[in-house]
Asker: 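Dropping the structure in here first, questions after.
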Amino acid sequence: MPIRTTRRTFLKSAALSSAALGALPVRAAAGAGADWRHYGGTLEATRYSELDQINRSNVAGLKVAWVHSTGDSMQRPQTKIECTPIVVDGRMYVTTAQVQVRALDAATGEMLWNFDPFEGIPMRRSKGVNRGVAYWSDGDDRRIFMSGSAQDTMYCLNADTGKLVEEFAEGGKLNMKEGLDRELAESTRSYYASPPVVFEDLLLLGGGSGSEGPAPAAPGHIRAFDVRTGKRRWIFHTIPHPGEFGYETWGKDSWKTAGGANNWGGMSLDAERGLLFVSTGSPTYDFYGADRPGVNLFGNCVIALDARTGERKWHFQTIHHDLWDYDLPAQPVLARRRSGEQWQDIVVQISKQAFWYIFDRGTGEPVWEIEELPVPGSDVEGEQPHPTQPFPTKPPPFARQGFGEDWKITDISEESAEYVRRRLKDLRHGMLYTPPSRRGTVYNPGTVGGTIWGGASHDPNEGLMFINTNNWPKFFTLLDAPEGVGYPYMHAGYPFFMDQDDYSAAKPPWGELLCLDLQTGDYRWRRPIGEYAELKARGIEGTGTFNVGGSIATKGSVLFLGATQDEKFRAFDTSTGKTLFEHQLSAGGYATPSTYAVDGKQYVVIAAGGGGRDIGSGGKKSGDEFVAFTLG
C-alpha cells in the first residue's frame, strides 16, 4: 500500500491561511510586453510575451536582423554563454563568453558599453558562467546587477555607462562570502550565476555553495540587501541554526559545517502578495550524507518567503536527505490553471528527476496528491537514506525514471544494446532513488535531468506549460578517500552512461519537447527535438539530442527554443508542437532566448555560445554570438 504524506509538519509551518488568501483577486500571470525586463521574462518567471507580431502564420519568414560577436570565446579553457538577454527601453544587457557585461542597441546590436570584472586580473582557469543580469531604476538612477561563477562578487553598474556604482557596498562590489552568519575557509566559494530578484528597494540573492563536495562548501542562505547601499536587510538560513525551524532535521552541529541547500537556478516573485519563491538544491556533498543525518531541511525545497522580511510562509521538501545531486534546478514558475469555472494561482516547480511539483500559491497545498513511497536502501557503511520519498501522482513524469529493464535500454543497434547490457552487469541499477554505491550506480534521469536550469515556459491565457527534457542516464561511484582528509569517500565525477559511440545508453528519444495542460495534468503533445546527422544517414531518426537551455512562449502561439546539439534555433506551434521555423546557428544555442519590440518591430534573440557539452556527437565548439531575428 502506498504511504501517504500526513503533512502535519507542513501544515504547522504554513503561516498563510486559505481564507486570508481567498480575498486576493486571481489574475493572469503577467506577460512581458515590449521589454524583456527580467531573466524569466516576468518576475513570475513565466517566460511568456504578450507580443504577437511574430505569430504562427508568419514565423517561417523570420530573417537575421543583426549578429553581435562578443569576440571573447575560447576553446581552452572552453567558454560558453548561458545568458538570457534582458531589454529595457530599447537597450539590451548581456553577459559574454568570458562574463563581461555589455550593453547593446537592441535594434542594431551595436555595443554601447562594456564592463570586464576581470580587467587586470590574470586567470588561467575558466571564468565561469553567468545566466543574465537584473535591472533596477528609480528616476535617473538606473542600475545593473551581475554575479558570475568565477568570483564571489555581486557587481552594481550604472546602466547608462557601465561604470561601478561607488555608493553600493564596497565601491560597487558586494562580497558574497560575507554576511552568511558563519565563518568560511579562504578556499570556500560563494557565488550566484543566475540573476538576483529586485523588489521595491531590495536585492534578493540566492547562491552559496561553490563546491558539491567533498571539499568544504558554503551554505546557501537566502539574503536581501538594500538595492542602493548593499547593506544586508535580512537572511533566511537554508541550513537552520539552533532554535530555528528545521534545526532538528540535521545533525547537532551541521549548521557549522554543512554546505549547499542553495538556490542556484533563480527565484521568482509574486509582487501582489509580496512573496518570494525559492527552490533549493541538495546539501553537500553529493552522493554521501552519513555526516548529515536527517531529512536536511531546507535542502531540495520549494519555499515561500515574505519578500520584505524573509519570514517563511510555507515550504515543501521534494527529496529527503538527497544522495543523488537532484537539485531543484530552475526558477519556480508562478502560473495559473483553470479549476472548474475559476482560475487558480499556482507554483510549478520542475525537477531533475522529471517530476512536476504543483502547489496552490498561497497555501502550498499540492494541486494533485503527493505520496510518500518506499525507496531502496543503501549498502554503504554508515549511510542512512530516508526510507521513503515524495512521488507526485500527477502530472506523469516528463522523462523516463530508473534504468535496467530491456525496454529502457537503447535499441539503435544490437551492438549498442549489448554493450550497455555488459556494462550494467557490474553496476547497481534499478528504480528511481537507487542509492550510490562503491561498485557504481546507474541513475536515470542524471544530474542534468530530466531538465536543468532552462526550466519551463508558461502560457497563462491557455493554462499550458512547455518543457524540454533529456533521457541521458549517468552513473556515479564512491571511492575511498585518502587517509587524514576528514571524509571517508570521494566520488568519480558525473559521467554519462553511454554506448560505445557516446550516445545515450537509454532508448530514444533522448531529447523531447512537451506541452502540459495544467487543467487536466495530462500532456497535449510531445515531440523529439534535434537530430544527429550521422544517425539520420544510417536511417535512425527521431532520437532527439541532448539539450540544455530553455524555451519562451508568445501570444502569437509560437514557442522559441535553441538548446539542441545540432545547433539549430527553432520555432514551434504551441498548439501542436509542429516545427514552423529553424535556423542553423554558428554554435549551440545553449541558453534561453528572449523577445522584445523596438519602434513597433518585434525581435527574438538567442546566444550562440556553444561549448561545454562534450557528449554525443555534436555541439561541442564554443561560440561568441548573440543573434537577433525579425520578420523580413
Side-chain angles (χ1 to χ4, degrees), residues 39 64 66-85 92 94-102 104 109 118 125-132 148-150 193-194 329 447-449 451-455 468-470 472 494 496 498 502-504 510-511 513 529-536 543-552 560-571 581-594 604-629:
Y39 171 56
V64 174
W66 55 258
V67 176
H68 177 83
S69 298
T70 66
D72 62 346
S73 65
M74 295 176 61
Q75 300 301 324
R76 293 187 180 181
Q78 193 171 53
T79 59
K80 50 194 171 186
I81 305 176
E82 296 180 354
C83 169
T84 297
M92 180 180 293
V94 303
T95 52
T96 72
Q98 296 198 49
V99 201
Q100 299 174 32
V101 188
R102 194 165 291 185
L104 310 176
F118 302 96
R125 63 184 174 90
S126 169
K127 293 178 180 176
V129 296
N130 169 272
R131 298 189 184 99
S149 61
S194 294
T447 56
V448 291
T451 196
I452 194 68
W453 48 263
N468 48 297
T469 183
N470 285 299
W472 286 74
Y494 306 82
F496 285 91
M498 299 186 286
D502 292 341
Y503 296 109
S504 174
W510 301 321
L513 180 64
I529 49 170
E531 61 183 6
Y532 292 112
E534 66 280 8
L535 291 182
K536 186 176 181 180
T543 64
T545 75
F546 178 77
N547 58 93
V548 60
S551 66
I552 63 171
F560 292 101
L561 176 71
T564 54
Q565 277 195 297
D566 58 9
E567 301 178 333
K568 292 183 178 180
F569 183 56
R570 294 180 171 91
F581 166 82
E582 63 180 31
H583 174 86
Q584 186 70 52
L585 298 168
S586 60
Y590 306 142
T592 302
S594 60
V604 182
V605 63
I606 189 168
R613 312 296 170 200
D614 196 14
I615 64 170
S617 67
K620 300 178 183 180
K621 65 180 180 295
S622 293
D624 71 348
E625 293 184 346
F626 285 88
V627 186
F629 302 85

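The shown structure was predicted, so the numbers you read here are calculated from the model rather than taken from an experiment.
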Asker: Which heavy atom of P593 sits nearest to which heavy atom of G550, and what is that distance?
Answerer: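 Closest approach of P593 to G550, heavy atoms only: CD-O, 3.3 Å.
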Asker: Please name all residues satisfying side-chain hydrogen bond (donor to acceptor under 3.5 Å, both in side chains) with D624, sequence neighbours left out, ordered by chain then number.
Answerer: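 D624 satisfies side-chain hydrogen bond (donor to acceptor under 3.5 Å, both in side chains) with no other residue.
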Asker: Do S622 side-chain atoms and K80 backbone N/O form a donor-acceptor pair below 3.5 Å?
Answerer: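 Side chain of S622 to backbone of K80, a donor-acceptor pair under 3.5 Å: no, none is there.
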Asker: I would like to know whether D72 and T96 meet side chain to side chain donor-acceptor pair (under 3.5 Å); could you show each step before the answer?
Answerer: CA-CA 7 Å; D72 62 346; T96 72; 2.6 Å; yes
Asker: Mind listing the closest non-hydrogen atom pair of C83 and A607 along with its distance?
Answerer: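 Heavy atoms only, the tightest pair is O-CB, 3.9 Å.
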Asker: Any donor-acceptor pair under 3.5 Å linking the side chain of S594 with the backbone of P85?
Answerer: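 Yes, S594 side chain to P85 backbone: donor-acceptor pair under 3.5 Å.
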Asker: Taking the side chain as C-beta and beyond, is there a heavy-atom pair between V67 and V64 under 4.5 Å?
Answerer: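 Yes; the side chains approach each other to less than 4.5 Å.
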Asker: Taking the side chain from H68 and the backbone from F626, do they hold a donor-acceptor pair closer than 3.5 Å?
Answerer: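 Checking the backbone N and O of F626 against the side chain of H68, no donor-acceptor pair under 3.5 Å is found.
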Asker: Under 3.5 Å, is there a donor-acceptor pair between the T564 and N547 side chains?
Answerer: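 The criterion, which ignores hydrogens and geometry beyond distance, is not satisfied for N547 and T564.
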Asker: At what distance, to the nearest 0.5 angstrom, does CD of E531 lie from OG1 of T543?
Answerer: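 One gets 8.0 Å once the value is rounded to the nearest 0.5 Å.
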Asker: State which residues pass side-chain hydrogen bond (donor to acceptor under 3.5 Å, both in side chains) with T95; sequence neighbours excluded, sorted by chain then number.
Answerer: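 Once residues adjacent in sequence are excluded, the partners of T95 under the side-chain hydrogen bond (donor to acceptor under 3.5 Å, both in side chains) criterion are N130.
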Asker: Provide the closest heavy-atom pair for W472 versus T545 in the form atom of the first, atom of the second, distance.
Answerer: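 Closest pair (atom of W472, atom of T545, distance): NE1-C, 4.2 Å.
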Asker: Quick one: does E625's side chain have a donor or acceptor within less than 3.5 Å of a partner on A587's backbone?
Answerer: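 Between the backbone of A587 and the side chain of E625 there is no qualifying donor-acceptor contact (under 3.5 Å).
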Asker: Any heavy-atom pair between the side chains of R102 and T70 that's under 4.5 Å?
Answerer: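 In contact.
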Asker: Does any non-hydrogen side-chain atom of L561 lie less than 4.5 Å from one of R570?
Answerer: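 They are not in side-chain contact.
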Asker: Can you list everything that forms a ring pair (Phe, Tyr, Trp, His ring centres under 6.0 Å) with F629? Sequence neighbours excluded, please.
Answerer: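 Testing F629 for ring pair (Phe, Tyr, Trp, His ring centres under 6.0 Å), a comparison that skips the adjacent residues, returns F569, F581, H583.
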Asker: Do Q565 and Y532 meet the criterion of a side-chain donor-acceptor pair at a distance under 3.5 Å?
Answerer: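 On atom types as modelled, these side chains qualify, holding a pair under 3.5 Å.
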Asker: Atom CD of E582 and atom NZ of K568: how far apart are they, to the nearest 0.5 Å?
Answerer: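 Answer rounded to 0.5 Å: 4.0 Å.
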Asker: Measure the spacing between CG of N470 and CD1 of I529 and express it to the nearest 0.5 Å.
Answerer: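 Here the rounded value is 7.5 Å.
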Asker: Is Q98 reaching over with its side chain to a backbone N or O of G128, donor-acceptor style, under 3.5 angstrom?
Answerer: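 Not at all, since once roles are kept as given, no pair shorter than 3.5 Å links the two residues.
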Asker: Look up atom OG1 in T592 and atom CD1 in I606, then write down how far apart they are to the nearest 0.5 Å.
Answerer: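 One gets 7.5 Å once the value is rounded to the nearest 0.5 Å.
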Asker: Is the backbone of Y590 close enough, under 3.5 Å, to the side chain of E82 for a donor and an acceptor to pair up by distance?
Answerer: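 Absent.
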Asker: Using 0.5 Å steps for rounding, measure from the CZ atom of F496 to the CG atom of D502.
Answerer: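 Result: 11.0 Å between the selected atoms.
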Asker: Evaluate the criterion side chain to side chain contact (heavy atoms under 4.5 Å, CB included) for residue pair R131 and S194; output intermediate values, then yes/no.
Answerer: CA-CA 5 Å; R131 298 189 184 99; S194 294; 3.5 Å; yes
Asker: Please tell me if the side chains of M498 and Y503 come closer than 4.5 Å, counting only heavy atoms from C-beta onward.
Answerer: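 No; the side chains remain at least 4.5 Å from each other.
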Asker: Before we go on, tell me: are the rings of F546 and W510 under 6.0 Å apart, centre to centre?
Answerer: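 For F546 and W510, the ring centres are not under 6.0 Å apart.
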Asker: Once you round to the nearest 0.5 Å, how far does CG of N468 lie from OG1 of T451?
Answerer: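 Interatomic distance, N468 CG to T451 OG1, rounded to 0.5 Å: 5.5 Å.
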